[in-house]
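Written below as structure tokens is the structure these notes are about.
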Amino acid sequence: SWCLSSMILAMVLLKPMIKLFGKKKLITWPFIISAGLYLVLAFFPVSATAWIAIQLVASFFTSFFSLLVWSLIADAVDYQAYLSGVRNDGTVYATITFLVFFISSLSISLIAILLDMVGYDATLGSEQTISVANNIKTLSGILPAIGCILIFICFFMIYNMTDEKMKEISAYVNQQSEKLEESIKNK
């Protein structure tokens with residue numbers, strides 16, 4: 001439930017934060033903060049209360065991505081229509097859905113491999129050694145930190161659309177759609 005509370009807070013702050021920073025910056029830069037927080041969890045001893053508090057704050061910063069990712073996909077559809085002159089919403093959404101499911105499937109296998117690498121023995125149940133518990137704690141900070149850094153790099157370097165450019169593209173695509181609608185009505 002604590003994760004949900006950070007998402008609710010992000011929902012409340014979303015609109016003013018977009019006005020203040022813009023959509024791309026609001027998705028990109030908070031991942032650096034989250035990555036730093038996850039690295040603290042990986043490499044420094046923290047109490048259970050501090051662990052939850054740090055997770056809550058890190059989750060708050062990644063919540064903006066969760067709330068805005070589908071609007072970025074819609075922007076990508078508009079951008080593709082702007083470049084090609086043809087809307088392929090279904091192709092874009094199908095490709096993204098395929099990638100999400102594919103990577104989710106790989107991640108399950110990766111977690112099993114990483115648990116094996118840190119010495120986890122499923123036959124021991126909750127009676128693992130302290131070194132295994134410490135290794136799992138380290139992994140539970142490093143993996144999200146790596147994910148945050150990768151997402152930051154992708155949006156900072158690959159997603160090259162600024163908010164201003166997307167406004168121009170959306171206006172152009174909407175204008176083209178209106179022209180197409182008008183020509184269909186006139187036939």
Side-chain angles (χ1 to χ4, degrees), residues 1-38 55-111 143-187:
S1 70
W2 56 270
C3 186
L4 180 61
S5 63
S6 64
M7 179 72 78
I8 291 170
L9 179 60
M11 278 188 224
V12 170
L13 296 175
L14 185 65
K15 193 170 183 176
M17 296 290 275
I18 289 173
K19 285 182 181 178
L20 186 62
F21 297 109
K23 192 165 40 173
K24 182 176 178 179
K25 286 180 185 173
L26 189 57
I27 282 183
T28 307
W29 292 101
F31 276 105
I32 295 297
I33 298 167
S34 290
L37 292 169
Y38 286 124
Q55 284 280 356
L56 180 64
V57 174
S59 176
F60 168 75
F61 284 107
T62 61
S63 291
F64 294 113
F65 172 79
S66 299
L67 294 169
L68 291 171
V69 69
W70 289 105
S71 75
L72 292 178
I73 294 169
D75 290 349
V77 170
D78 284 350
Y79 184 59
Q80 182 267 334
Y82 173 76
L83 293 177
S84 68
V86 179
R87 288 191 71 89
N88 288 316
D89 301 50
T91 303
V92 172
Y93 284 103
T95 302
I96 291 166
T97 302
F98 169 76
L99 289 172
V100 166
F101 284 116
F102 180 73
I103 291 170
S104 295
S105 299
L106 285 180
S107 69
I108 293 168
S109 299
L110 178 64
I111 295 297
L143 292 178
I146 290 170
C148 288
I149 291 167
L150 289 174
I151 292 170
F152 171 81
I153 290 169
C154 288
F155 280 101
F156 186 74
M157 301 182 95
I158 298 170
Y159 186 82
N160 59 356
M161 300 309 306
T162 63
D163 291 338
E164 294 78 26
K165 183 69 175 170
M166 269 321 301
K167 285 178 187 172
E168 291 174 28
I169 289 170
S170 292
Y172 174 79
V173 169
N174 288 338
Q175 183 184 40
Q176 295 303 96
S177 293
E178 288 171 6
K179 284 181 184 177
L180 180 62
E181 270 184 50
E182 192 63 36
S183 70
I184 291 171
K185 285 180 185 177
N186 292 333
K187 287 185 179 182

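Since the structure is predicted, the reported quantities are computational estimates derived from the model, not experimental observations.
Residues F60 and L13 have side chains in contact (heavy-atom distance under 4.5 Å, counting atoms from C-beta outward). Side-chain contact between E168 and Y172 is absent, with no heavy atoms from C-beta onward closer than 4.5 Å. Between L68 and I18 there is a side-chain heavy-atom pair separated by less than 4.5 Å.
Enclosure of atom OH in Y82 is not indicated, since only 12 or fewer non-hydrogen atoms of other residues, nucleotides or ligands lie within 6.0 angstrom. The local environment of OH in Y93 is crowded, with over 12 non-hydrogen atoms from other residues, nucleotides or ligands closer than 6.0 Å.
Remark: the Q55 side chain and the S59 side chain contain no N/O donor-acceptor pair separated by less than 3.5 Å.
Considering OG1 of T62 and CG of L67, their distance stands at 9.5 Å, rounded to 0.5 Å. Between atom CD of residue Q176 and atom CZ of residue R87 there is a gap of 11.5 Å, rounded to the nearest 0.5 Å. K179 NZ to Q175 CD: the interatomic distance, rounded to the nearest 0.5 Å, is 4.5 Å. The line from OG of S170 to OH of Y79 is 12.5 Å long, rounded to the nearest 0.5 Å. Taken from OG1 in T28 to CZ in F21, the straight-line distance is 12.5 Å, to the nearest 0.5 Å. Rounded to the nearest 0.5 Å, atoms OG1 (T97) and CD1 (I73) are 7.5 Å apart.
When every heavy atom of F64 is checked against every heavy atom of L14, the shortest pair comes out as CD2-CD1, 3.8 Å. Shortest non-hydrogen contact noted between G22 and D163 is CA-OD2, 2.9 Å. Of all non-hydrogen atoms in A35 and I149, the two that sit nearest each other are CB-CG1, 3.8 Å. Closest non-hydrogen pair, D78 versus V173, comes out as O-CG2, 3.5 Å. Among all heavy-atom pairs drawn from S66 and M7, the shortest one is CB-CE, 3.7 Å. Across all their heavy atoms, K24 and M161 have their closest contact at CD-O, 3.2 Å.
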*In sequence, state the C-alpha distance, the side-chain angles, and the governing distance for Q80 and T91, and then conclude on side chain to side chain contact (heavy atoms under 4.5 Å, CB included).*
CA-CA 11 Å; Q80 182 267 334; T91 303; over 6 Å; no
_Please determine whether ring-ring contact (aromatic ring centres under 6.0 Å, His included) holds for the pair F155 and F31, giving the CA-CA distance in whole Å, both sets of side-chain angles, and the decisive distance to 0.1 Å._
CA-CA 10 Å; F155 280 101; F31 276 105; 7.5 Å; no
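A donor-acceptor pair is defined here as one N or O able to donate and one able to accept, closer than 3.5 Å; such a pair exists between the side chain of S107 and the backbone of S104.
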